[in-house]
Number of protein chains: 2
Amino acid sequence: MTDQTTSIRPRKSRPERVAGTIKEWIVEKGMKPGDRLPNEAQLIETFAMAKGTIREAMRLLQAEGLVVTRTGPGGGSFLAETSRDRANALLSNYFYFQDLSVDDIYAVRLLLEPELVAGLAGRLTEDQISSLEAVMEDYARPAENSEEERKQHVASLRFHALLAEYSANKVLGFFIGFMSQILTDLTVFRKLYSEPNLPLWERGRNHQIELIKALRSGDAERAREVMKAHMEYARHMMDAQEATVTRRFLNA
Amino acid sequence: MTDQTTSIRPRKSRPERVAGTIKEWIVEKGMKPGDRLPNEAQLIETFAMAKGTIREAMRLLQAEGLVVTRTGPGGGSFLAETSRDRANALLSNYFYFQDLSVDDIYAVRLLLEPELVAGLAGRLTEDQISSLEAVMEDYARPAENSEEERKQHVASLRFHALLAEYSANKVLGFFIGFMSQILTDLTVFRKLYSEPNLPLWERGRNHQIELIKALRSGDAERAREVMKAHMEYARHMMDAQEATVTRRFLNA
DNA sequence: TAAGATTTGTTCGTATGTATC
DNA sequence: GGATACATACGAACAAATCTT
């Protein structure tokens, strides 16, 4: 056995090492979003590398959502707070190749969303509740065809994503928002033989009306129960539909 | 008001547009991990751009974990399945600037982990159970000082991460594994006045022993209950400890 | 072992675009 | 509008890694 001259993992390229070093700076110096990073010329000098190499390093950090760059005087690279959208997109990349079932997502939603609304009860501003009600307007009437139904489905996912944004628990909020995003991106076709089911639609809508009521009055237990019932209903609805067809990368 | 010549969002750079186009290819052509992307020379020709520009585009995709490149004959860029580790790291970037409380994480763990083990009961191979037991060996004895206790804490998080890997529900597994990762990276200092609590340690250990037993025998309900108790215990333990101190980026 | 072929990795010099003053 | 300070992009050359013979 020779030693590991041919290591299993390839030696990191210079741009990768530069990006790693810059990350260390960020942690060590306790830099905050908006803080300025050295400009290209300075980085070229401190790392003693060519412009192209430095630029590739910055692209790495940019892809991770950690820096943004601006041209012009006073421009340069700035530390950025990774946006929720970008984090969603990057995580979507991971799940793109995992064949996850819709039911897996609903199983997790069933666990998380009731707790989300329980924590929200009595804590929403009137503005936030108005936003929720505005989204509900998009499915105030039962769908008449499958295309309309798809749109309503997307709108109802927006309702849940909005709730997630309002959560004080960042982890809970992100997970739920991410699942809404994934479900929005999935194109789901209803089975041809399953006709629009009016009673079920009405039941789902009543759930949300009851939910709003409980959120307003601050009845956490009631909110939890209603959301649980709603999630079970939604899971059942999805069960009656056909396979997920189009997956796509988010534009990021 | 003039029209939006000065659009809110800056025009995307060429590398960004190239990366976006390549992503579209991947979706449209239904490419799978391991598939080959055009080499630099071909990309330079098809996009009619300079080598540096193309390379920056590939760095963007590389940062997202979507491609890996190899030098030499037969080398080039290949579509890669974003690894769990990389997805964890990228998501960690997002939470790095969010000030999330440890209790938020435990609130979510309390919801998810009982369901995880319920789904695992009776479905683990003997090998998998052995791996779990091997990890448990790392805290078979009560800690004698705080450093030792920290190591045991990390080991116990490995236990949970391992369980997450075994889950058939990819979403559930990822979320739980991610939270373990976050907690592992947090450096938590025990309050000086809170001495190692032997009865509590013993109780925690008994939980895991009971859990293994339930997983072996396929008793889903029992597994769920034990994990719930265990999570409540863990949450209580963390409550008795001091603020999170060091956060860091994962090396990715 | 060694040489040659292939492909990415890195450098340097120059020119262009863009935002601020 | 002109000067300034910055990122962005191009092109040619050379270096390094890796596979084949």
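These values consider heavy atoms only, across backbone and side chains, with no hydrogens, waters or symmetry-generated copies. Numbers restart at 1 for each chain; the letters A, B, ... are given by sequence-line order, proteins then strands.
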Fill in the blank from the handout: To the nearest angstrom, the CD-P distance between B:E45 and C:dT7 comes to 14 Å
Exercise for the section: For the side chain of B:P73, starting at C-beta, report the closest nucleotide among D:dA7, C:dA5, D:dA9. Expected result: C:dA5
Exercise for the section: Indicate whether OP1 or OP2 belonging to D:dA9 is found under 4.0 Å from a side-chain N or O atom of B:R55. Expected result: no
Practice task
Would you kindly compare B:A50 and A:P38 by the position of their nearest DNA chain D nucleotide and give the one closer to the 5′ end?
Solution key: A:P38
Handout entry: Sugar-phosphate only, base, or nothing, as touched by A:R14 at under 4.0 Å among non-hydrogen atoms
Key = sugar-phosphate
Fill in the blank from the handout: To the nearest angstrom, the CD-C1' distance between A:Q42 and D:dA7 comes to 14 Å
Practice task
Please answer whether the main-chain N or O of A:N88 pairs with a side-chain N or O of A:S92 as donor and acceptor at a distance below 3.5 Å.
Solution key: yes
Handout entry: A:T69 side-chain N/O to D:dC6 phosphate OP1/OP2 under 4.0 Å
Key = no
Exercise for the section: Of all the heavy-atom pairs spanning A:S83 and A:R86, show the shortest one and how long it is. Expected result: OG-N, 3.0 Å
Fill in the blank from the handout: Rounded to whole Å, CD of B:E56 lies from P of C:dT10 at a distance of 13 Å
Exercise for the section: Using the ring of B:Y94 (Phe, Tyr or Trp, six-membered ring only), decide whether A:R84 places NZ or CZ under 6.0 Å from its centre and within 45 degrees of its axis. Expected result: no
Practice task
Please confirm whether A:F174 and B:F95 have ring centers closer than 6.0 angstrom.
Solution key: yes
Practice task
Select base, sugar-phosphate, or nothing to describe what B:G52 touches, counting heavy atoms under 4.0 Å on all strands.
Solution key: nothing
Problem - Value in whole Å for how far the P atom of D:dA5 lies from CZ of A:F78 - result: 16 Å
Practice task
Could you check how far CD1 of A:I44 sits from P of D:dT8, rounded to whole Å?
Solution key: 12 Å
Problem - Between P of C:dG9 and CG of A:L60, the distance in whole Å - result: 11 Å
Exercise for the section: Measure across B:V117 and B:L215 and return the closest heavy-atom pair with its distance rounded to 0.1 Å. Expected result: O-CD2, 3.6 Å
Handout entry: Value in whole Å for how far the C1' atom of C:dG9 lies from CD1 of B:I54
Key = 15 Å
Exercise for the section: Let me know, please, whether A:R17 or A:T71 comes out on the 5' side of the other along DNA chain C by nearest nucleotide. Expected result: A:R17
Problem - Rounded distance in Å - CZ (B:R36) to P (C:dT6) - result: 13 Å
Exercise for the section: From the options D:dA9, D:dC6, C:dG9, select the nucleotide whose nearest atom is closest to the side chain of A:R59. Expected result: D:dA9
Fill in the blank from the handout: Closest to the side chain of B:E40, out of D:dA7, C:dT11, C:dG9, is C:dG9
Handout entry: Sugar-phosphate only, base, or nothing, as touched by B:R70 at under 4.0 Å among non-hydrogen atoms
Key = sugar-phosphate
Practice task
Considering just the side-chain nitrogens and oxygens of B:T53, establish if one lies under 4.0 Å of OP1 or OP2 belonging to D:dC10.
Solution key: yes
Exercise for the section: Please evaluate the base of C:dT14 for a donor-acceptor partner in the side chain of A:K51 within a cut-off of under 3.5 Å? Expected result: yes
